[in-house]
Every structure is written in structure tokens, then in C-alpha cells.
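Positions are given from 1, in the same order as the sequence printed here. Treat the numbers as computed from the prediction; the structure is a model and nothing was measured.
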Amino acid sequence: MTDTNSRLRVAVTRRLPDPVQTRLAELFDVTLNEDDHHFSPEELLTAVQASDVIVPSLADRIDGPLLDQAGPRLKLIANYGAGTDHIDLNHARQRGILVTNTPGVLTEDTADMTLALIISVTRRLSEGLAVMQSGSWDGWSPTAFLGGRIGGRKLGIVGMGRIGQAVARRARAFGMEVHYHSRTRLRPEIEAELGATWWESLDWMLSHMDIISIHVAHSPATFHLLGARRLKLLKPSAVVINTSRGEIIDENALTRMLRADEIAGAGLDVYEHGHEANPRLRNLPNVVLLPHMGSATVEGRIEMGERVILNIQTFASGDSPPDLLLPGML
Ligand code: DGY
């Protein structure tokens, strides 16, 4: 720990795992949010005005107007999380404020949750759970709770970055056929390892898949990537999975189509309007809804904190933080 480190004022907007908070408090002059409330705009303003470093997370809107009011001390936004669509990266850069995130450490957990959703929807786990919880199960039947076999299904992965590839590995182990669409085609040896088929046309891929899983970051370019027109290309038997960001899918269009049986099912961990999932998605037997818990493991959340600390320490020592983001990178 350097003297510079010990003097850094760090404001953390949400409660983080205990070992992370303890380490932050050892290293920096840190302000914590022990009761884990959502920061008000005024609290965010105080944080950016009084700190050298802020550690926000995905519900904190770090936009241009807020950054324009930042104090001269603010030099680093060390985001606790991989997605940075809540931060105006261009504006931060114009003001000379660095932005880092925590990539890599939540890849495997998010991929696990993606497979969990694929299996839950395809094998009707929530319907089975509801019957058991209500005590209304009257015994085994040859024709009850019939889902679809996972093996042999065509999985179309939209966005083949770290998480997309981790999903592909798991899907392959389950005997699924792996297909993907991404701006850049993978190197042939990685395609071969994943057994993945690249589709240049997203539209074309969508119309051939049994399951679609979203793994692109949210940006103006990906907002409503699956809008009403593209959702209509899906087979009526198709299932849509989203563990990335809700804004990628037109949630109203998806809801309408699920209710009209024009899409067979959905497994969603994220929603277009933050924590406000469309109420018309609730109680649909063919839909599994989760409260954005894809990366929610004890191990992952501690590792995210470790990345945050590493980024702050590296910045404090005058070097380029390992997870430094530049506009246009995501
Ligand atoms: C992130 O870090 O952006 C994830 O969505 C949190 O689960």
C-alpha cells in the first residue's frame, strides 16, 4: 500500500461482500453503504463531488449531467460489474475520468445461469415446482409435464464473447447444436473447439433456431436488437433466454407473442426497465423470471470486488488499470 493509496477517497454506492468492504477500508478512506439502499441522485452527486474514486454498480446512472457536476478530485469510476451501459464513457473520457469494470470473473456463473434457464423453460421446472409447493401433485403420469429434450436442440447464441463461448461449451456438453451470430467470426480453431457454426445474418439464424440466448452488451447499437420484426422470425416453438441486458429485447413485443403462443417460452434474468419486469410476463407457465441473479455467487461477487480493488490500486500507483475501458470498446 502506498501513501497515495491510503489517502484516496473512495465512495462505494452499494453494500459489497464483507471481505471486499474490509479490504477497501484497510486500503482507502472509504465511504460504504452499509444498509444497501439505492443511492438517491443527491447521494450520487455528493459521491462524485467529494471522492477521488467512485465504485458504482449497474443501477447508478452515471450520465453526462452528473459527470459535469463532478468535483475536480474525481479521477476514476471503478465499476463493480462488467456491464457499463449505465455510465457515459465518452463524457467521462472528455472530463479525463477513467472508467474500469470487472470482466472475466462473472463469465462462468452467468453461463451456468443461462443453462439453468434453458433447462428450466424447456423441461418445465417452474410448473413442477409450483405443483409441489401447492401440494397438489397426485402422482406420476406418462403424459404429465412433458417438456422437450435438450440434446439435439439448435441453440443460437447472439454475441460470442466470453460469456457466449462459456454458454457454448456447456451447451455442447448437453448435446445441443451450437450456432452463433456475432460481428466478428471466431478463429477456426475456437469454432472447432466449441463445435459452433457462424451465421453472418442474424435474421437467418433466428428463423432456424430452437433456443436463442442473448450475450451482447447493451449499447445504442444493440437496443431492441430483438425487436418485434426479428421476434416474428422465430419459430413458434422457439424459446428466448436473456441473461445479458433487458434492453436488447423489445419486452412488450416478447410479452405479446408469449401470451399469443407465437413464441413457446422465455427465461429472463434481466428486464427492459431495470427491476420492473412487465407484469403481463408474470404467471405465464412458459416463462421463468429471475431477479438479475446470473452472477450472484459468493465467489463471483468477491472476485468482482478484488478486480475493483486491483483497478483502484493500479490507478493509484500511476499505472494503467488492467480493466480500463475506452469508449467504443463494449
Ligand atoms: C454485470 O456485472 O454487468 C452483471 O450484469 C451483473 O450480474
Counting only heavy atoms not in [X], do more than 12 fall under 6.0 Å of its [atom1]?
X	atom1	answer
N283	CG	no
H208	NE2	yes
R14	CZ	yes

Going by heavy atoms in the side chains, are [X] and [Y] under 4.5 Å from each other?
X	Y	result
R185	M160	no
F28	D52	no
N33	E43	no
R170	E108	yes
I54	T13	no
V216	L225	yes

Taking all non-hydrogen atoms of both residues into account, name the closest pair between [X] and [Y] and its distance.
X	Y	result
M205	Y180	SD-C, 3.5 Å
T107	A166	CG2-CB, 3.8 Å
I249	I214	CD1-CG1, 4.1 Å

Examine the side chains of [X] and [Y] and answer whether a donor and an acceptor come within less than 3.5 Å of each other.
X	Y	value
T114	T243	yes
H224	E272	yes
T84	N101	no

N/O donor to acceptor pairs below 3.5 angstrom from side-chain atoms of residues 16-23, sequence neighbours left out:
| unit_1 | atom_1 | unit_2 | atom_2 | d |
| --- | --- | --- | --- | --- |
| D18 | OD1 | R15 | NH2 | 2.3 |
| Q21 | OE1 | L16 | N | 3.0 |
| Q21 | NE2 | E34 | OE2 | 3.4 |
| T22 | OG1 | D18 | O | 2.9 |
| R23 | NH1 | E26 | OE1 | 2.6 |

Checklist line | CA sep, side-chain torsions, deciding dist, call: D68, H91, side-chain hydrogen bond (donor to acceptor under 3.5 Å, both in side chains) | finding: CA-CA 8 Å; D68 282 340; H91 215 92; 2.8 Å; yes
For [X], give me all partners under side chain to side chain contact (heavy atoms under 4.5 Å, CB included), at least two apart in sequence or on another chain.
X	answer
V270	N242, H292
A144	S141
L310	R307, T314, P322
D210	R153, K154, K235

Note to self: Can you pull out every ring-ring contact (aromatic ring centres under 6.0 Å, His included) where at least one residue sits in residues 34-86? Sequence neighbours excluded, please.
What the structure shows: H37-F39
Item checked: Interatomic distance, I212 atom CD1 to I118 atom CD1 [nearest 0.5 angstrom] -> 10.5 Å
Check: Are I211 and L289 grouped together when hydrophobic residues (ILVMFWY) are joined by side-chain heavy atoms under 4.5 angstrom apart?
Finding: no
Margin query: When you group the ILVMFWY residues by side-chain heavy-atom contacts below 4.5 Å and let the links chain together, are L281 and I241 in the same group?
Written below: no
